[in-house]
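Worksheet: one structure, shown below.
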Amino acid sequence: MSAELQQGTPRPDFEGFVALLRERAPLLPRRLRQVADHALAHPDDMALNTASQIAQRAGVQPSTLVRFAQALGYSGFSELQQVFRTRLRQQLPDHRERLAALRNGGAAGADMASVLLDGFIHASEASLKRLRSGLRPEDIETATDMLAAARTIVLVGARRMFPVVAYLAYAFGKVGIRAVLVDNVASLGAEQAAMARPGDVMIAVSCAPYTPATIEMAAAAKAAGVPVIALTDSALSPLAAHCDLCLEVSEADYGAFRSMAATFALAMTLAVGTAEKVRDDA
């Protein structure tokens with residue numbers, strides 16, 4: 001292993017690991033890049049499984065995991081795995097815990113409805129302010145140019161992000177723009193997404209905790225020469241590594257229930273902006 005690869009200080013937090021990996025990925029040999037792709041797409045797998053299981057799923061030898069960790073400055077794979085385990089412990093609480101926290105915070109009793117409504121309105125307002133100040137108008141222009149020129153728009157999103165891509169499918173359909181919603185019926189999402197071809201554009205939507213299937217579909221599309229527009233919450237998102245254009249949208253939360261206001265505002269902007277450009281070109 002070259003001295004150049006061994007330079008740098010390992011980061012104990014997941015965000016720092018991702019930033020370090022983005023910086024050093026061009027220097028990594030092919031097998032180590034293969035591990036990097038698997039780590040970003042399957043962070044829970046990296047936290048919970050043994051080195052041999054992870055290596056098998058990544059298609060490498062267990063020793064490659066050790067070399068990968070050492071290439072990023074970690075003493076070995078065990079130290080690196082702690083980064084993923086810490087991330088897993090810090091993930092959002094489940095919904096029952098969130099509800100309990102809201103009750104303990106005063107969102108209960110006779111005024112429950114007004115307290116909840118006020119809390120979610122404030123979270124939505126904060127999300128929209130972040131979007132307005134953080135997203136560059138030129139990126140919206142680029143995204144709508146790409147979508148207006150696309151033969152077909154392929155829409156990928158799962159779990160809490162599925163309503164966003166479902167809305168986009170509805171909106172594009174209403175204005176006569178060809179779009180395909182990857183709905184994953186019968187677990188055929190990967191096959192549905194694989195129908196995308198050069199000349200198409202994929203919109204992939206995922207925010208923490210990221211959905212591995214969405215990341216895998218975006219990576220496969222980009223590898224096949226299909227441009228990918230990512231809607232995600234951070235430049236350190238694993239989805240950002242597999243896109244041509246990353247649109248960041250960070251939602252505020254109330255009682256750990258995150259708003260969807262900014263994400264839907266961005267989706268509506270893309271749909272209407274694309275429709276206007278298609279009309280102008282007609």
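- Note that the SG atom of Cys243 and the CD1 atom of Ile215 stand 11.5 Å from one another [nearest 0.5 Å].
- In this structure, Met161 CE and Leu239 CG are separated by 10.5 Å, a value rounded to the nearest 0.5 Å.
- Glu248 places no side-chain N or O within donor-acceptor distance of the main-chain N or O of Gly134, the cut-off being under 3.5 Å.
- Between the side chains of Ser250 and Arg130, at least one donor N or O lies within less than 3.5 Å of an accepting N or O.
- Summarising the geometry, atom CE belonging to Met260 is positioned 10.5 Å from atom OG belonging to Ser124; distances are rounded to the nearest 0.5 Å.
- For the pair Leu40/Arg22, a side-chain contact is recorded, criterion being any heavy-atom separation below 4.5 Å from C-beta on.
- Ile54 places a side-chain heavy atom less than 4.5 Å from the side chain of Met46.
- Both Met268 and Phe172 belong to a single network of hydrophobic side chains, linked directly or stepwise wherever heavy atoms of I, L, V, M, F, W or Y lie under 4.5 Å apart.
- Connection of Tyr167 to Val180 is not established within any shared hydrophobic cluster, with ILVMFWY side chains joined at heavy-atom distances below 4.5 Å, either directly or through further cluster members.
- The side-chain heavy atoms of His42 and Glu216, taken from C-beta on, include a pair separated by under 4.5 Å.
- Hydrophobic cluster membership differs between Val228 and Val205, with clusters built from Ile, Leu, Val, Met, Phe, Trp and Tyr side chains linked at under 4.5 angstrom.
- Taking both residues in full, the closest heavy atoms of Pro227 and Asp200 are given as CD-O, 3.2 Å, listed atom of the first, atom of the second, then distance.
- In summary, the side chains of Gln34 and Arg31 do present a donor paired with an acceptor at a separation below 3.5 Å, with no hydrogens or angles considered.
- By the rule that hydrophobic residues join a cluster once side-chain heavy atoms approach within less than 4.5 Å of another member, Val201 and Val156 end up as members of separate clusters.
- Val249 and Val272 fall into different hydrophobic clusters, where Ile, Leu, Val, Met, Phe, Trp and Tyr residues are linked whenever their side-chain heavy atoms come under 4.5 Å apart, directly or through other members.
- Here the side chain of Gln192 pairs no donor or acceptor atom with the backbone of Leu181 at under 3.5 angstrom.
- In this structure, the side chain of Ser127 does not engage the main chain of Ala261 through any donor-acceptor pair within 3.5 Å.
- At least one donor-acceptor pair under 3.5 Å links the side chain of Thr232 to the backbone N or O of Ser206.
- Exactly one residue among Ile140, Asp145, Ile203, Asp139 makes a side-chain contact (heavy atoms from CB on, under 4.5 Å) with Leu245. That residue is Asp139.
- The backbone N or O of Leu28 sits less than 3.5 Å from a side-chain atom of Arg33, completing a donor-acceptor pair.
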*Report the C-alpha distance between Leu270 and Thr144 in whole Å, list the side-chain angles of each, state the deciding distance to 0.1 Å, and finish with yes or no for side chain to side chain contact (heavy atoms under 4.5 Å, CB included).*
CA-CA 6 Å; Leu270 293 177; Thr144 50; 4.3 Å; yes
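- Using a 4.0 Å cut-off between a side-chain N of Lys or Arg and a carboxylate O of Asp or Glu, Lys277 and Glu141 qualify as a salt bridge.
- For the pair Ile153 and Ile177, the minimum side-chain heavy-atom distance is below 4.5 Å.
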*Could you walk me through whether Leu266 and Leu231 pass the side chain to side chain contact (heavy atoms under 4.5 Å, CB included) test, one step at a time?*
CA-CA 9 Å; Leu266 178 56; Leu231 275 60; 3.8 Å; yes
